[in-house]
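Notes for the one structure printed next.
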Protein chains: 2
Amino acid sequence: MSSPSLPGTQHVSDATLGRLSLYLRHLTEWQAAGVATVSSTRLAAAAGTTPATLRKDLNPLGSHGRPGVGYDVASLVPVLESTLGLTTAWRVAIIGAGHLGQALAGYAGFTQRGFPVVALLDSSRALIGTHVGELMVQDATDLERVVAAEDITMAVLTVPGPAAQRLVDRLALAGVRSILSFAPVAVQAPDGVHVRRVDLASELQLLAHRAGS
Amino acid sequence: MSSPSLPGTQHVSDATLGRLSLYLRHLTEWQAAGVATVSSTRLAAAAGTTPATLRKDLNPLGSHGRPGVGYDVASLVPVLESTLGLTTAWRVAIIGAGHLGQALAGYAGFTQRGFPVVALLDSSRALIGTHVGELMVQDATDLERVVAAEDITMAVLTVPGPAAQRLVDRLALAGVRSILSFAPVAVQAPDGVHVRRVDLASELQLLAHRAGS
DNA sequence: CCGTGTGAATAAATTCACAGCA
DNA sequence: TGCTGTGAATTTATTCACACGG
């Protein structure tokens with residue numbers, strides 16, 4: 001499945017990407033506050049990691065730090081944005097307008113960080129046609145039409161486990177290649193379609209284990 | 001009931017725990033369906049991992065599989081529940097009654113999997129006193145009193161980044177040792193207090209990167 | 001002096017391979 | 001024959017240590 005790294009596109013691991021996202025968040029904050037340079041020690045502390053890890057993370061993106069000074073904030077921000085794929089205009093659809101789906105539709109964090117939610121779908125008669133914030137819940141039967149009409153490039157699945165696989169199949173067929181699923185089941189997707197799973201109850205169980213030991 | 005009499009709790013990694021949670025989910029489903037035994041191949045497929053990894057995951061929990069047959073479902077379920085800390089009665093408070101907090105308060109998945117939400121707090125005058133499902137939003141100023149009165153053992157933080165650290169400090173001081181934070185900032189906690197961070201926008205950025213490469 | 005960039009060392013997680021039991 | 005349990009090998013991630021530039 002993994003294609004050899006194309007010239008210019010160094011491989012960046014998932015663990016690293018998660019941290020890059022945090023780095024970017026702090027850098028934009030500091031950029032707005034007028035901070036010009038930042039040392040690896042300071043940025044690492046803000047992101048909850050170590051200076052060594054941070055430098056390793058930033059290394060494959062090119063040299064944007066000056067010895068004795070630190071990293072140039074203004075120079076680093078666009079590089080991170082580009083690496084994280086924020087140069088493309090993403091358009092997100094949320095499938096499943098239950099509690100979680102409605103909340104994510106109204107969650108300002110998504111839009112703020114470059115992922116505007118432009119459609120909300122559900123299969124329940126009771127929900128279709130109702131309004132959640134500025135969005136109207138659309139019929140999940142029309143998934144393919146909505147994806148095309150709204151130019152959806154990313155989907156968030158907040159549906160019960162059993163419904164997830166079928167929706168992933170339909171989304172993939174409709175051309176959506178990035179899917180974030182909250183369903184607590186493993187799903188399969190064709191090559192080129194990326195599914196990432198977040199299991200909230202699982203996170204609580206992990207905490208429960210640690211507290212018990 | 002029969003807690004594993006092995007005195008030393010073997011170390012189980014975070015990566016493994018995340019998978020154990022998924023295994024448990026499928027096992028309870030199959031147990032209800034009357035399935036008696038399951039092979040590592042089948043369970044691994046359902047959880048989206050490999051048989052070898054699954055056997056390694058289950059190994060430190062003791063031998064519950066029989067060669068040539070597979071794992072005994074009824075025997076494995078309680079072991080996983082015990083390992084994941086589901087034998088204690090957890091009581092969850094959600095701090096922050098914004099979109100995300102309200103959704104999680106009404107999210108059935110938490111209660112279903114052993115983590116009932118029994119309190120919802122916020123600092124906004126406009127929200128205090130309003131009802132979300134069966135819960136009334138309480139004043140975050142009273143955090144310490146609510147933790148004691150409701151016997152809170154776990155907290156979910158759905159507050160803006162800048163507010164997170166202060167609340168972690170107060171929760172730790174009030175005796176809460178397990179915290180799940182949705183704030184996109186690193187927080188520090190004293191020894192014995194576990195904080196796990198989930199950054200939803202970060203998950204989308206990870207997908208965005210993969211799609212761009 | 002600081003603080004970056006990076007090779008070397010260490011630690012962790014995953015995969016392989018196979019002996020042995022039902 | 002099928003499938004577990006587990007040591008060994010491999011891949012991946014993190015930490016250490018230090019040469020070199022401002």
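Proteins get letters first, then strands, A, B, ... in listed order; numbering begins at 1 in each. Values in this document were obtained by computation on a predicted structure and should not be read as measured data.
Looking at B:H209, its side chain never comes within 3.5 Å of a backbone N or O of A:G85 through a donor-acceptor pair. Between the side chain of B:T53 and the main chain of B:T49, no donor-acceptor pair closer than 3.5 Å is present.
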Protein and nucleotides 11-14 of chain D: nitrogen or oxygen contacts under 3.5 angstrom:
unit_1 : atom_1 : unit_2 : atom_2 : d
D:dT14 : OP1    : A:R19  : NH1    : 3.0
D:dT14 : OP2    : A:R19  : NH2    : 2.9

Close N/O contacts between protein and nucleotides 20-22 of chain C (under 3.5 Å):
unit_1 : atom_1 : unit_2 : atom_2 : d
C:dA22 : O4'    : B:P67  : O      : 3.4

Between the protein and nucleotides 17-19 of chain C, list the N/O to N/O atom pairs that are separated by less than 3.5 angstrom.
unit_1 : atom_1 : unit_2 : atom_2 : d
C:dA17 : N6     : B:R55  : NH2    : 3.4

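Between A:E203 and B:F182 there is no side-chain heavy-atom pair separated by less than 4.5 Å. When side chains are defined from C-beta on, A:L20 counts as touching A:L58, because their heavy atoms get closer than 4.5 Å. Residues A:L180 and B:L207 are in side-chain contact: their nearest non-hydrogen atoms beyond the backbone lie under 4.5 Å apart.
Non-hydrogen atoms lying under 4.0 Å from DNA chain D are contributed by nothing in residues 20-34 of chain B.
Rotation axes derived from the C1' atoms of the five outermost pairs at either end of the helix from C:dC1-D:dG22 to C:dA22-D:dT1 lie 10° apart, to the nearest 10°.
In terms of the side chain to side chain donor-acceptor pair (under 3.5 Å) criterion, A:D151 has no residue partners (sequence neighbours excluded). With sequence neighbours excluded, the residues that form a side chain to side chain contact (heavy atoms under 4.5 Å, CB included) with B:D14 are A:L206, A:R210, B:L17, B:R196. Residues satisfying the salt bridge (charged side-chain N to carboxylate O under 4.0 Å, His left out) test with A:D72, not counting sequence neighbours, are none. For A:H64, the side chain to side chain donor-acceptor pair (under 3.5 Å) partners are A:S75, not counting sequence neighbours.
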Name every donor-acceptor pair, under 3.5 Å, that has one atom in a side chain of residues 110-122 of chain A and the other anywhere in the protein, sequence neighbours excluded.
unit_1 : atom_1 : unit_2 : atom_2 : d
A:R113 : NH1    : B:D199 : OD1    : 3.1
A:R113 : NH1    : B:D199 : OD2    : 3.4
A:R113 : NH2    : A:S21  : OG     : 3.2
A:R113 : NH2    : B:D199 : OD2    : 3.3
A:D122 : OD1    : A:S124 : N      : 2.8
A:D122 : OD2    : A:A97  : N      : 2.6

Sequence neighbours left out, cut at 3.5 Å: what donor-acceptor pairs do the side chains of residues 161-171 of chain B make with other protein atoms?
unit_1 : atom_1 : unit_2 : atom_2 : d
B:Q165 : OE1    : B:Q188 : N      : 2.9
B:Q165 : NE2    : B:D169 : OD1    : 3.0
B:Q165 : NE2    : B:Q188 : O      : 2.9
B:R170 : NE     : B:E144 : OE2    : 2.9
B:R170 : NH2    : B:A140 : O      : 3.1
B:R170 : NH2    : B:T141 : O      : 3.3
B:R170 : NH2    : B:E144 : OE1    : 3.0

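Here B:Y71 reaches the OP1 or OP2 of D:dG5: one of its side-chain N or O atoms lies under 4.0 Å away.
Identified under the salt bridge (Lys or Arg N to Asp or Glu O under 4.0 Å) test for residues 89-104 of chain B, with sequence neighbours left out: B:R91-B:E150.
The distance between atom CG of B:L58 and atom C1' of D:dT4, rounded to the nearest whole Å, is 11 Å. Between the CG atom of B:D72 and the P atom of D:dC3 there is a distance of 16 Å, rounded to whole Å. Taking atom CG on A:L43 and atom P on C:dC2, their separation rounds to 20 Å, with Å as the unit. A:N59 has its CG atom 12 Å from the P atom of C:dT4, to the nearest Å.
The residue B:S40 sits close only to the backbone: its heavy atoms come under 4.0 Å of sugar-phosphate atoms, none of a base.
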Between A:T88 and A:T153, is a side-chain contact (heavy atoms from CB on, under 4.5 Å) present by the stated rule, with each step listed?
-> CA-CA 10 Å; A:T88 0; A:T153 48; over 6 Å; no
Please assess B:T50 against B:L54 for the test side-chain contact (heavy atoms from CB on, under 4.5 Å), listing each intermediate value before the final yes or no.
-> CA-CA 6 Å; B:T50 66; B:L54 182 142; over 6 Å; no
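No option in B:V156, B:L143, B:T158 other than B:L143 meets the side-chain contact (heavy atoms from CB on, under 4.5 Å) test with B:I95.
Annotation: cation-pi geometry satisfied between B:R42 and B:W30 (NZ/CZ under 6.0 angstrom from ring centroid, within 45° of ring axis).
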